[in-house]
Amino acid sequence: MSLPQPVRGTHDLLPEDFRRHAHVRNTARDIAARFGYAEMATPIFEFTEVFARTMGETSDVVSKEMYSFEGRSGESMTLRPEYTAGICRSFISNGLQQNVPFKVFANGPMFRYERPQKGRQRQFHQIDIECIGAAEAKADVEVIALGAAILKELGVLDSCSLQLNTLGDRESRQAYRDALVEYFSDFKDKLSEDSLARLHRNPLRILDSKDKGDQALVANAPIFTDYLNDYSTEFFAEVLEGLDMLGIGYELNRRLVRGLDYYTHTAFEFVTTELGSQGAVIAGGRYDGLIEALGGKPTPGIGWAGGIERLALLARDIPEGPRPVAIVPVGAEAEAVALKLAHELRLEGISVEMAFKGNVGKRMKRANKLNARAAILIGEDELVRNACTFRDLDQGTQEEVPLSSLRAALSNLG
RNA sequence: GCGAGUGUAGCUCAGUUGGUUAGAGCGCCUGACUGUGACUCAGGAGGUCGCCGGUUCGAUCCCGGUCACUCGCCCCA
């Protein structure tokens with residue numbers, strides 16, 4: 001087939017796919033609003049350093065997955081690979097430090113140069129929640145509870161588990177990181193190739209290695225909780241207490257490590273087993289150092305991102321679009337009357353379908369295919385009486401209705 | 001970036017141990033029904049068998065490359 005194809009890793013969203021996406025988006029937007037998170041948007045591309053500085057030069061995303069290009073005056077810009085950095089940049093650019101807690105919902109396309117798989121594309125879409133300027137554990141609890149509420153509404157919460165961990169504050173995390181590097185450095189010859197690479201890039205990742213040799217070493221590795229300072233320990237306890245209070249179940253997962261440098265304290269993922277190796281549907285955490293890394297005043301923050309494609313694959317009970325009413329003119333004379341009626345009804349807010357051509361049989365078939373609720377037939381007979389034949393397509397019954405009573409008949413459909 | 005699998009009609013898939021006109025179901029179009037859908041019946045359109053090259057008298061089938069998708073690794077939403 002030499003037909004034009006979309007670029008690898010990108011996909012068209014035909015109306016049916018789009019409806020699923022829209023449902024995820026709309027559900028998230030509605031529930032976010034209940035929690036006090038207003039919708040906003042930032043540009044689809046930013047100066048490259050916005051991402052490089054915040055996500056970490058050594059992270060996979062920054063080191064090999066960004067779509068970067070040069071502007072005309074030579075600055076490097078990048079199609080956003082995630083939303084958090086852009087929103088934090090916006091927070092600083094707009095001087096919003098007086099508006100804290102700054103609670104927002106956002107959604108849109110993201111771009112990462114990765115090997116496509118099911119539930120993983122080069123252009124994909126995320127819903128995103130950020131709560132900037134709140135250092136309290138209550139914010140963590142709220143943000144996680146919001147994620148759970150959205151999953152519940154989408155009908156996927158039951159097939160997900162909430163994985164939870166703490167990375168401690170920067171001090172704790174750095175101390176633990178150093179301890180791990182020191183420990184694993186003694187076993188350089190035994191570590192797998194992957195883990196050897198991780199040793200300097202992201203040693204915490206080694207803990208999650210699937211290599212059996214690595215796992216044996218991990219068994220005796222330093223334990224995170226020994227390196228958490230009092231503040232970090234208490235903070236995490238408070239988060240757990242909050243979740244318990246709300247009846248939100250979770251699993252502690254000490255190996256849950258985020259790939260991006262900016263995370264501190266709470267790290268979490270809602271994970272499903274129904275999507276192959278792409279298990280995370282919502283993932284996020286606290287990023288207390290991020291705003292500072294971007295050049296803003298030290299400001300704490302917490303948030304998460306959810307994959308719309310992944311959620312759309314799992315979501316149940318996608319609502320159908322509004323069911324139209326089909327107007328079917330019979331004969332040239334009725335055509336004009338029907339056209340006018342269709343327009344009037346549409347202006348009144350009623351969804352109306354009227355085919356451009358075809359005999360009655362064809363138009364009825366089309367009405368059926370479009371899932372029309374009713375058909376309004378207008379022919380010469382009806383014209384004389386200023387009426388129409390009103391057919392209920394679900395019941396298969398019909399009756400003649402004066403045009404003056406048409407609105408009443410329509411609102412009786414239920 | 002690494003390893004493996006798949007690629008036949010709009011969709012889901014048969015098939016050919018390499019041989020002349022490549023099939024089914026669904027969908028689409030036309031008609032039976034010149035004013036009635038969802039049911040029935042009868043016809044019809046639609047394929048350079050992903051693309052390029054090689055082997056062969058001959059390739060949709062074998063081989064190589066390439067592209068896309070799927071699965072695993074890496075990583076992530």
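Naming convention: chains lettered A, B, ... in sequence-line order (proteins, then strands); numbering from 1 in each chain.
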For [X] and [N], what is the distance between atoms [atom1] and [atom2] respectively, to the nearest whole Å?
| X | N | atom1 | atom2 | answer |
| --- | --- | --- | --- | --- |
| A/L256 | B/rC75 | CG | P | 13 Å |
| A/R363 | B/rC33 | CZ | P | 21 Å |
| A/E65 | B/rC75 | CD | P | 11 Å |
| A/I127 | B/rA77 | CD1 | P | 13 Å |
| A/Q117 | B/rC2 | CD | C1' | 12 Å |

Phosphate OP1/OP2 of B/rG31 contacted by A/K362 side-chain N/O (<4.0 Å):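 For B/rG31, OP1 or OP2 has a side-chain N or O of A/K362 closer than 4.0 Å.
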A/K210 side chain near B/rC74 phosphate (N/O to OP1/OP2, under 4.0 Å):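 Checking B/rC74 against A/K210, a side-chain N or O does come within under 4.0 Å of OP1 or OP2.
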At under 4.0 Å between heavy atoms, what does [X] touch on the DNA or RNA strands: base, sugar-phosphate, or nothing?
| X | answer |
| --- | --- |
| A/E193 | nothing |
| A/R366 | nothing |
| A/G119 | base |
| A/Q398 | base |
| A/Q121 | base |

Pairing partner of B/rU34 (Watson-Crick or G-U wobble, both distances under 3.5 Å):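 Partner of B/rU34: none found under 3.5 Å.
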Base-pairing assignment for B/rC2 (Watson-Crick or G-U wobble, both under 3.5 Å):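 Partner of B/rC2: B/rG72.
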Aromatic ring pairing A/F224/A/Y176, orientation class (parallel under 30°, perpendicular over 60°, tilted between):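 Parallel, since the angle between the ring planes stays under 30°.
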Parallel, tilted or perpendicular, as decided by the 30° and 60° cut-offs, for the rings of A/H21 and A/H125: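 Geometry flag for A/H21 against A/H125: perpendicular rings.
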Interface residues of residues 153-162 of chain A with RNA chain B (non-hydrogen, below 4.0 angstrom):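 Within this stretch, nothing sits under 4.0 Å of the strand.
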What nucleotide, of [options], holds the atom closest to the side chain of [X]?
| X | options | result |
| --- | --- | --- |
| A/K118 | B/rG37, B/rC71, B/rA77 | B/rC71 |
| A/E114 | B/rG37, B/rC74, B/rC75 | B/rC75 |
| A/L377 | B/rA68, B/rC74, B/rG35 | B/rG35 |
| A/M364 | B/rA77, B/rG37, B/rG35 | B/rG37 |

A/R115 (side chain) and B/rC74 (base): donor-acceptor pair under 3.5 Å: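 No, the side chain and the base share no sub-3.5 Å donor-acceptor pair.
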Donor-acceptor pair under 3.5 Å, A/R391 side chain vs B/rG37 base: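 Result: at least one qualifying N/O pair found.
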B/rG10 versus B/rG27 - spacing of their C1' atoms, nearest Å: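 That atom pair is separated by 7 Å.
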Cation-pi, A/Y113 ring and A/R122 (6.0 angstrom, 45 degrees):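 Yes, A/R122 and A/Y113 form such a contact.
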